Structures are given as structure tokens and as C-alpha cells.
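Inspection log for the structure reproduced underneath, given as C-alpha cells.
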Protein chains: 2
Amino acid sequence: MARITGDGAVETGVVKLKDVALRAGCSVATASRVLNGHPTVGPAEKERVLAAAAQLGYVPNNSARALRSQSTSLVGVVIPTLDHAIYAKMVGGLQERLARSGKAVIISTSDYDLERERMQAKLLVGRGVESIVLVGLEHHPETLEYLRRAGVSQVFTYTCELGDGDAAVGFDNRLAGASVARFLLERGHTRFGMIAGVTRGNDRATQRRDGFIATLTEAGIQRQDIIVVEAPYRIENGRAAMQSLMQTHPRPTTVFCGSDILAVGAIKYCHSAGIAVPEDVSVVGFDNLEVAELVTPELTTVDVPAREMGEAAADALLRLGEKKGSFIVTELPTRLIVRGSTGPAAARR
Amino acid sequence: MARITGDGAVETGVVKLKDVALRAGCSVATASRVLNGHPTVGPAEKERVLAAAAQLGYVPNNSARALRSQSTSLVGVVIPTLDHAIYAKMVGGLQERLARSGKAVIISTSDYDLERERMQAKLLVGRGVESIVLVGLEHHPETLEYLRRAGVSQVFTYTCELGDGDAAVGFDNRLAGASVARFLLERGHTRFGMIAGVTRGNDRATQRRDGFIATLTEAGIQRQDIIVVEAPYRIENGRAAMQSLMQTHPRPTTVFCGSDILAVGAIKYCHSAGIAVPEDVSVVGFDNLEVAELVTPELTTVDVPAREMGEAAADALLRLGEKKGSFIVTELPTRLIVRGSTGPAAARR
DNA sequence: CTGTTAGCGCCTTCAT
DNA sequence: ATGAAGGCGCTAACAG
């Protein structure tokens with residue numbers, strides 16, 4: 001698809017900066033300067049370059065630009081999975097906000113595996129990302145070391161602890177777990193169950209659990225009256241976990257779930273087993289997903305501002321680019337949304 | 001933060017091919033050959049290069065590789081929104097499958113706006129993507145023209161019509177709508193409502209609606225016994241739309257919703273208004289989201305293989321790269337999942 | 001203010 | 001089978 005231009009040059013496919021310079025009658029350096037808004041260019045020259053670029057439909061080659069300038073305007077994000085709305089929405093907020101600043105987002109998933117996260121992060125560095133957005137505080141030490149050496153700034157989300165990162169955007173998972181505990185204590189509950197997410201390699205799940213338990217024990221609840229199980233975030237697992245909890249004697253008067261996903265599974269089990277919610281057992285979730293308002297009874301849960309977190313992560317990342325070497329912590333509020341799945345403690349039987 | 005390695009080299013930041021060659025005691029050419037699986041390398045040399053690369057944690061610089069080889073291994077995807085699970089999951093499948101082939105995914109969103117989609121597509125081309133994954137068949141003509149000129153192959157998803165694209169991976173929305181109509185006819189329904197998604201610029205919503213209506217009219221249903229409203233995919237809108245449908249006289253014995261999101265809103269309205277589902281009115285959704293099994297009664301819906309679609313899109317895109325200029329159509333099956341929200345037609349009142 | 005020059009990191013001829 | 005060298009397209013020094 002070669003074609004002959006007005007001035008006789010033969011072009012094949014893509015137009016390069018050289019072509020623009022040729023047509024504008026200047027050097028590639030000047031053309032480059034104009035196109036990059038460099039000020040020291042005469043207005044006449046400038047005009048010609050711009051016109052030439054427009055006529056030729058010039059599109060800069062980002063690979064060359066990136067290679068040369070060592071800057072790609074690329075941001076990497078590694079999340080556990082796109083199947084969970086909270087992560088997907090976070091990425092949505094991130095992407096949208098970054099797009100306004102001309103940055104693009106390369107996405108990848110780790111499936112809650114810190115080792116996979118490490119690999120993904122390396123690949124992203126190879127892609128030339130200048131910053132990387134990770135979920136949580138806990139990561140493979142090598143991941144962070146590698147990123148640091150590569151000069152890639154690190155933004156942690158879903159946590160407001162900075163750890164070894166450059167920025168943290170999120171909330172205090174421990175505090176959130178504690179707030180649920182306090183709420184349930186106030187309602188007079190005495191025996192507690194928890195269906196936590198898998199805590200291995202997941203600081204969010206760990207802290208929610210720890211904050212919950214610590215607050216209960218500080219309030220005088222015996223450790224034997226707190227029974228904790230772990231389950232991957234899937235409805236089926238919530239159901240099975242609830243079943244095991246409901247088979248203990250005496251059974252908990254309330255169950256706190258590390259995610260709404262688990263909570264709806266738990267409620268589903270109760271329905272099938274003839275256990276009344278909240279009369280027999282109160283259930284609390286986490287995340288405030290859309291489903292929270294769709295189950296019967298509606299789910300008491302902790303609202304997590306997923307989209308806002310993505311937007312705030314974008315802001316943090318942008319500021320990090322401006323002042324290199326600074327640290328940013330943005331704490332976002334969570335709040336307990338009380339709905340029908342919780343009530344006063346069930347009568348002892 | 002330079003550090004001294006065992007063999008005395010000073011490293012700053014990222015490991016380059018030169019570093020690997022140095023440590024392996026060979027030339028960069030040889031190292032390159034080994035890392036690219038070029039056959040003509042002695043096994044001893046090969047071993048050393050691989051070891052060196054592993055020890056140093058070498059990651060190729062994609063900008064350089066892209067510049068040299070004129071190929072970026074970058075794929076762009078534009079979806080309406082990451083807030084809806086079907087799109088998020090599709091992207092998840094796409095990303096995961098492409099990662100295996102060393103391709104990265106740059107993501108962006110259009111918010112169901114074809115004009116925004118056009119802009120995003122242009123930006124992606126500027127980023128050097130070699131293929132682009134779009135949702136649906138209908139796009140701004142300029143979008144497709146631009147992509148074609150830039151040599152970017154186009155994969156459409158959620159449709160199995162090729163249109164002006166190079167590949168289509170999805171299902172027949174019209175047929176899916178028709179299958180719902182047939183199912184409801186068999187159950188003896190006589191007056192039909194539909195809460196469709198917004199059809200403007202959305203061929204999926206349009207075709208689901210058209211297939212539904214066409215099948216009904218072909219079966220002898222009068223057009224006045226089919227009432228259709230449109231609503232953006234949000235629970236609240238489903239609720240409001242259902243309210244308006246339930247206020248017509250005589251009211252429909254069944255309502256087909258263009259998405260489970262709308263359907264759960266519709267069911268929610270029924271609960272609040274004392275309308276029994278499915279006794280008073282049957283409800284059918286679309287997508288088979290997780291919520292479909294969580295509402296009461298559970299939702300009859302059309303299962304859409306979102307993740308598989310992403311994976312199939314990746315496959316199509318890969319094949320497209322191999323045989324330039326070919327066309328690929330992959331039709332994925334949908335199936336009607338019958339649950340408790342549908343029953344025989346309600347008794348006439 | 002503009003042009004010339006020297007690479008960015010990698011792959012791939014071309015020699016050996 | 002291996003190494004040396006050139007250049008992908010662009011930008012940032014440095015000259016002029």
C-alpha cells in the first residue's frame with residue numbers, strides 16, 4: 001500500500017517523524033520539538049510542522065518514544081480477580097481517572113497468589129509501567145524490592161498502612177472488623193462465629209478477623225465463644241462454612257462474614273436448614289455489594305468505597321509522579337450499613 | 001541504589017540483555033537467541049544464559065523489543081463499564097488467556113457511548129495496540145474505518161455477526177430473545193411485558209428485544225398485548241419500570257428483562273407492592289449473574305458465558321495474528337435456566 | 001532558534 | 001555455532 005505523495009516521496013504504511021520533517025522542510029529534531037510542545041521554536045516553522053503532521057495523519061510511535069525517553073505513561077494494576085465487583089469497580093475508577101491524565105492502564109490478575117502477583121509485576125515492569133497499583137499491604141518481598149529497583153512507584157489499595165509502598169489508599173480493615181464486633185456486642189450477642197476469607201497472603205482478611213476477635217476478647221468474651229473458619233470468597237463456600245458453624249454446640253448467635261459473597265451463602269444455608277435470620281442467628285457481611293440489598297433479609301454489611309478507592313489511587317499515583325520520593329496515605333471511610341439480617345441476640349436454648 | 005554483583009558489575013535499576021550476556025560470558029546476540037528459542041545455539045551456552053537470566057531476574061524491555069520487531073504484543077479492549085460483572089468477567093478471561101501468549105491488555109471504558117468508544121479506540125491505537133476487542137456489532141463507522149487504516153484487527157464480542165469486523169465471538173442475541181418468548185408461550189402466557197436495556201447504540205439490547213417481539217407476533221400475539229419499556233441497567237430502574245408495567249390494564253402475565261440487574265429490580269418492586277412472583281407475574285432475566293440464585297424466588301434467566309467469551313476472543317485474536325486477513329466467527333451457546341421466577345400464566349382477572 | 005549527533009534495548013543480518 | 005554491527009523511531013544533548 002505504498003502511495004505517492006504530493007512532493008514525490010514514496011510512503012509505505014505508517015508515517016514517521018522523518019516524513020513530517022521532510023514535508024515541513026525542517027529537521028526531525030525541530031519537528032519533534034513542535035510536536036512535544038517545546039517552546040523554543042519559531043512560529044512559522046511550528047505552523048508548517050503542525051500542518052504537515054495533520055495532513056499526513058502522523059501518529060507517534062510510542063515504543064520508540066518510550067524507549068528513548070524512558071517514560072511510557074503506562075500504569076500497571078494487579079488485582080486478585082476481575083470476577084469480584086469490588087476489584088473490578090476499583091479498576092474502573094482508576095482507569096477513568098487516569099485516562100484524563102493521558103495514562104493508560106494495563107491490567108493483570110493474581111488469583112490471590114502472591115507468587116503470581118510477583119510474576120505479573122515483573123511483566124508489567126517489562127511493559128514499561130511507571131507505577132503499579134497493588135491490592136493490600138502484604139506482598140512478596142521480592143516484588144517490592146524489584147519494583148523499587150526498577151524505579152516503579154507502588155500504590156497499595158484496600159489498606160491505609162503504607163508498609164513498604166509509596167502510597168496507600170484504603171481503609172483500616174482492623175478497625176472495620178472491630179466496628180462490627182462492637183455493633184454485635186451492643187446487640188447483646190454472646191457467642192460469635194466468623195467466616196473469614198482465606199487469610200494466608202491476604203492481609204485484608206487477616207486484619208478484619210483480628211480486629212473482630214480482639215475487640216470481642218477485650219470486651220470479655222471468652223475465646224471459646226468465638227469460632228472462626230476460613231473460606232475462599234465463593235457463595236458455595238459460605239454455605240458450607242455456615243453449615244459447619246451451625247452444627248457446633250452451643251451455636252453462635254451471630255456470624256460475621258469477611259465478604260458479602262460468603263454472607264449470602266451463609267444466609268442461603270440458613271434458608272435451606274430452616275434457621276431464621278436474624279431470629280436464630282444474625283449475619284453480617286462485608287463490601288456492601290449490590291446483592292446485599294437483594295437477599296432476604298437484606299444484609300447488614302460494611303460499605304467499601306471501591307470506585308472511590310480507584311480514583312484516589314489514581315490521584316495518589318499522579319501526585320507521586322510530581323514529587324518523586326514522597327509518601328501518600330489516603331484513608332477512606334467505611335461505614336456499617338445496618339439492615340434486616342441482624343437483630344438482638346437469639347434467646348439461649 | 002546501585003549495587004555490586006558477584007562478578008563486580010555495577011547495576012542500576014533494571015537488568016538488561018547485556019547484563020545477562022555478561023554474566024553468561026557470551027555476546028548479547030547469543031543471549032537474545034537463547035531467550036527467543038532460536039535453535040542454533042550450543043546446549044552449554046544455552047544453559048548458562050538461561051541460568052544467568054534467571055539469577056538476575058531478567059525481564060525483556062518491551063519498548064525496545066516492539067521498536068525493533070515492529071510488534072507491541074498489546075491488545076486493547078473497550079467495554080461499556082467495569083461495573084457490570086459480565087464485562088469484567090469477559091475481560092478477566094481475555095486477559096488471562098492472552099497473558100499466556102505474552103500479550104498484555106490495555107483496558108478502557110465507553111459507558112455505552114459509541115462516541116466515547118471511538119475516542120478510546122484512537123487512544124489505544126496511539127498506544128500501539130495490534131488488535132482491539134469491542135463489545136457488540138454496532139459501532140461508530142469512523143471507529144472501524146480508523147482501526148482498519150491503522151492495521152488494527154477488530155474482534156467483536158457479545159455478537160456472532162461479523163459485520164465490519166475481523167472476528168465475532170458471542171451468541172445470537174435475537175435467538176436468545178426468541179427462546180425466551182417461546183418458553184413463555186409454552187407456559188401459556190398471553191400478555192407480555194419487556195424491560196429492555198437502552199437500545200440506542202446497543203445492538204445486543206435491540207436484538208434481544210426484536211427477537212422476543214418477533215417470535216411473539218409470529219405466534220399470533222397482538223402487538224397491543226406486548227408492552228415494552230427501556231431502562232438503563234440498574235436495579236432502581238428495573239424497579240421503576242416494573243412499577244409502570246404493573247400499572248397497565250390489563251397487566252402482563254410475564255415480564256422479560258434485558259438483564260438480571262433489571263429483573264431483580266422488578267422482583268424487588270413486586271415484593272414491595274404485594275405482587276406474587278410467579279403466581280401473579282412471571283419474570284425472566286438475562287445474563288445469569290450470581291444474583292439470579294440469590295433472589296427469592298430464584299430467577300429464570302439466560303446464561304451468558306462471559307468468561308468463555310473473553311477466552312474465545314483471545315483465541316480468535318491470536319489466530320487472526322497468524323493468518324492476516326482472515327475472518328473468524330465463534331458462536332457460543334446460551335441456554336435458558338429455568339428457576340422459580342416463572343410459572344404458568346396467572347389466572348385472568 | 002535550528003540542525004547534527006548519539007544513543008535508548010533489542011533483534012537480525014552478516015561475517016567468522 | 002557464535003560475535004560484531006547496524007538500525008527500528010524517537011528525543012535530548014550539544015553545537016552552531
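In what follows, every chain begins at residue 1, and chains take the letters A, B, ... in the order their sequences are listed. Note that the structure is predicted; figures quoted are calculated from it, not measured.
- In the set D/dG9, D/dA4, D/dT11, D/dG9 carries the atom at the smallest distance from any side-chain atom of A/Leu67.
- Judged purely by atom type and a 3.5 angstrom limit, A/Asn62 uses its side chain to pair as donor or acceptor with the backbone of B/Gly126.
- Between A/Lys16 atom NZ and D/dC8 atom C1' there is a gap of 9 Å when expressed in whole angstrom units.
- In this structure, A/His38 atom NE2 and D/dA13 atom C1' are separated by 11 Å, rounded to whole Å.
- For the helix from C/dC1-D/dG16 to C/dT16-D/dA1, the angle separating the two terminal helix axes comes to 40°, with each axis derived from five pairs and the value rounded to 10°.
- Salt bridge status for B/Glu96 with B/Arg307: present, with a side-chain N to carboxylate O gap under 4.0 Å.
- If you check residues 45-55 of chain B against DNA chain D, the residues with a heavy atom closer than 4.0 Å are B/Glu45, listed by number.
- Salt bridge absent: A/Arg319 and A/Glu322 never bring a charged side-chain N and a carboxylate O closer than 4.0 Å.
- For the pair B/Gln70 and D/dG9, the criterion of a side-chain N or O lying under 4.0 Å from OP1 or OP2 is met.
- If you take NE2 on A/His38 and OG1 on A/Thr30, they are separated by 11.0 Å, rounding to the nearest 0.5 Å.
- Nearest heavy-atom pair, A/Leu17 versus A/Ser32, reported as atom, atom and distance to 0.1 Å: CD2-CB, 3.7 Å.
- Counting only heavy atoms from C-beta on, A/Leu17 has its side chain closest to D/dC10 among D/dA4, D/dA13, D/dC10.
- Across every non-hydrogen atom of B/Cys160 and B/Val329, the tightest pair is O-CG1, 3.4 Å.
- By the 30° and 60° cut-offs, the orientation of the rings of B/Phe156 relative to B/His139 is tilted.
- Taking the nucleotide of DNA chain C with the nearest heavy atom to each of B/Ala64 and B/Ala29, the more 5' of the two is matched to B/Ala64.
- Looking at B/His84, its side chain never comes within 3.5 Å of a backbone N or O of B/Ile86 through a donor-acceptor pair.
- Phosphate contact (OP1/OP2 of D/dG9, side-chain N/O of A/Arg68, threshold under 4.0 Å): absent.
- Between B/Asp164 and B/Arg148, no side-chain nitrogen of the basic residue sits less than 4.0 Å from a carboxylate oxygen of the acidic one, so the salt-bridge criterion is not met.
- Comparing B/Arg33 and A/Val28 along DNA chain D, the residue whose closest nucleotide (by nearest heavy atom) sits nearer the 5' end is B/Arg33.
- Between A/Tyr58 and the phosphate of D/dG9, there is no side-chain N or O to OP1/OP2 separation shorter than 4.0 Å.
- Within the 4.5 Å cutoff, the side chain of B/Met90 has heavy atoms near those of the B/Tyr158 side chain.
- Residue contacts for A/Thr30: at a heavy-atom cut-off of 4.0 Å it reaches the sugar-phosphate backbone alone, with no base atom in range.
- Using a 4.5 Å heavy-atom cutoff, the side chains of A/Ile79 and A/Ser110 are not in contact.
- When DNA chain C is scanned 5' to 3' for any atom under 4.0 Å from a heavy atom of chain A, the first and last hits are C/dC1 to C/dG9.
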